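Reading through the structure tokens given below for one structure.
Bear in mind that the values here come from a model prediction, so they are computed numbers and not experimental data. Counting starts at 1 for both ligands and their atoms, following the listed order.
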Amino acid sequence: MNPRLTSKGIKAVVFAACLGPFGWLAWRGLHNDLTSDPVAYVTHYTGNWTLRFLVITLAITPLRSILHRPQLIRFRRMLGLFAFFYVCLHFTTWIWPDHDFDWSAMWKDVLKRPFITVGFTAFVLLIPLAITSTAGWIRRLGGKRWQRLHRLIYLIAVLGVVHYYWLVKSDVRKPLFYGFLVAMLLAWRLGGWLIGRRDKAAADAAARERSVTAGTM
Ligand code: HEM
């Protein structure tokens with residue numbers, strides 16, 4: 001076991017690193033350095049960081065097994081919550097400086113523009129995951145139900161990519177790149193699930209055979 005990954009300090013380091021993009025944005029904001037269109041800049045910046053944190057969060061499970069570092073699980077909740085933190089900033093930018101709290105215009109936007117509908121859905125789905133991310137909620141829901149609920153993260157990541165793909169006007173390379181990453185991360189899980197099913201079927205068949213053999217003895 002890597003002692004650096006289990007030390008208390010490392011969590012603080014990862015936390016500070018996750019806050020880095022926000023710190024950089026705040027620094028540029030304080031120095032009036034958010035380009036000639038600050039609202040668009042902040043929207044794009046926070047949208048990108050939301051998607052990055054979603055991808056990093058999804059990458060933790062495969063990385064644990066590929067790198068033989070099960071301790072990486074310690075960071076998954078924090079990373080997921082940072083995805084939520086950045087999407088809250090993204091959403092707040094849309095509500096406040098972008099729409100100036102004009103709820104009816106925002107609602108029209110959600111209903112009329114497919115990329116907003118999809119982004120909004122992803123945001124709404126992230127809320128229960130953020131709320132139930134604590135140990136208390138795992139206990140309350142029970143491990144199985146909690147896991148089932150948190151599988152929504154797969155759908156949220158796909159919606160995030162679709163949101164990005166639909167909003168870009170011409171150059172779709174970046175959304176396609178994120179789409180590729182999300183597809184790989186989901187394929188890895190699907191592969192694990194299929195292998196698990198095959199192994200279980202083989203184990204069940206072996207158990208059946210053993211009981212038949214025992215019965216004929
Ligand atoms: C998990 C949820 C979300 C993710 C992952 C996400 C991600 C992104 C990304 C990656 C971009 C483009 C950044 C770039 O061009 O460099 C973006 C732009 C944008 N997002 Fe989101 N977003 C999410 C939710 C939302 C929500 C809830 C809203 C508002 C209701 C929203 C409104 C926008 C807008 C207005 C833009 C800019 C569109 C443009 O420039 O034409 N997003 N988002």
closest protein heavy atom to atom 18 (C) of ligand 1 is Leu167 CD2, 3.3 Å

In this structure, atom 3 (C) of ligand 1 is nearest to the protein heavy atom Val87 CG2, 3.9 Å

Paired with Tyr164, the side chain to side chain contact (heavy atoms under 4.5 Å, CB included) test is passed by just one of Leu51, Val172, Leu176, namely Leu51

Does Phe123 reach the side chain of Thr50, with side-chain heavy atoms less than 4.5 Å apart?
-> no

Worksheet item: Taking the six-membered ring for Trp, are the ring centroids of Phe85 and Phe22 within less than 6.0 Å of each other?
Response: yes

Q) Is a salt bridge present between Lys200 and Asp204, judged by a nitrogen-to-oxygen distance below 4.0 Å? A) yes

Margin query: Is the distance between the ring centroids of Phe82 and Phe15 under 6.0 Å?
Written below: yes

Give a yes/no verdict on whether any heavy atom in Lys169 is under 4.0 Å from an atom of ligand 1.
-> yes

*Verify the distance criterion only: is there a donor paired with an acceptor across the side chains of His150 and Trp146 at less than 3.5 Å?*
yes

For atom 36 (C) of ligand 1, the closest protein heavy atom turns out to be Thr43 CG2, 3.4 Å

If we number the atoms of ligand 1 from 1 as shown, the ones under 4.0 Å from a heavy atom of Phe120 are 27 (C)

Heavy-atom proximity to atom 19 (C) of ligand 1, picking from Arg52, His44, His90, points to His90

Between Arg139 (side chain only) and Thr134 (backbone N and O only), is there a donor and an acceptor less than 3.5 Å apart? no

In this structure, atom 27 (C) of ligand 1 is nearest to the protein heavy atom Gly119 O, 3.4 Å

shortest atom 1 (C) of ligand 1-to-protein heavy-atom contact is with Ala122 CB, 3.6 Å

Counting heavy atoms under 4.0 Å, the part of Met106 that contacts ligand 1 is neither

the protein heavy atom lying closest to atom 5 (C) of ligand 1 turns out to be Thr50 CG2, 3.7 Å

Quick note on ligand 1: atoms under 4.0 Å from a heavy atom of Phe123 include exactly 27 (C)

Check: of Val162, Asp171, Asn48, min heavy-atom distance to atom 16 (O) of ligand 1 comes from Asn48

Exercise for the section: Take atom OH of Tyr165 as the centre, draw a 6.0 Å sphere, and report whether it contains more than 12 heavy atoms from other residues, nucleotides or ligands. Expected result: no

the protein heavy atom lying closest to atom 7 (C) of ligand 1 turns out to be Gly47 O, 3.4 Å

With ring centroids as reference points, do Trp94 and His90 lie under 6.0 angstrom apart?
-> no

To atom 30 (C) of ligand 1, the nearest of Trp94, Phe53, Trp166, Tyr164 on a heavy-atom basis is Trp94

of all protein heavy atoms, closest to atom 6 (C) of ligand 1 is His163 CD2, 3.3 Å

| task | Compute whether any side-chain donor of one residue and acceptor of the other, for Tyr41 and Arg28, lie under 3.5 angstrom apart. | result | yes

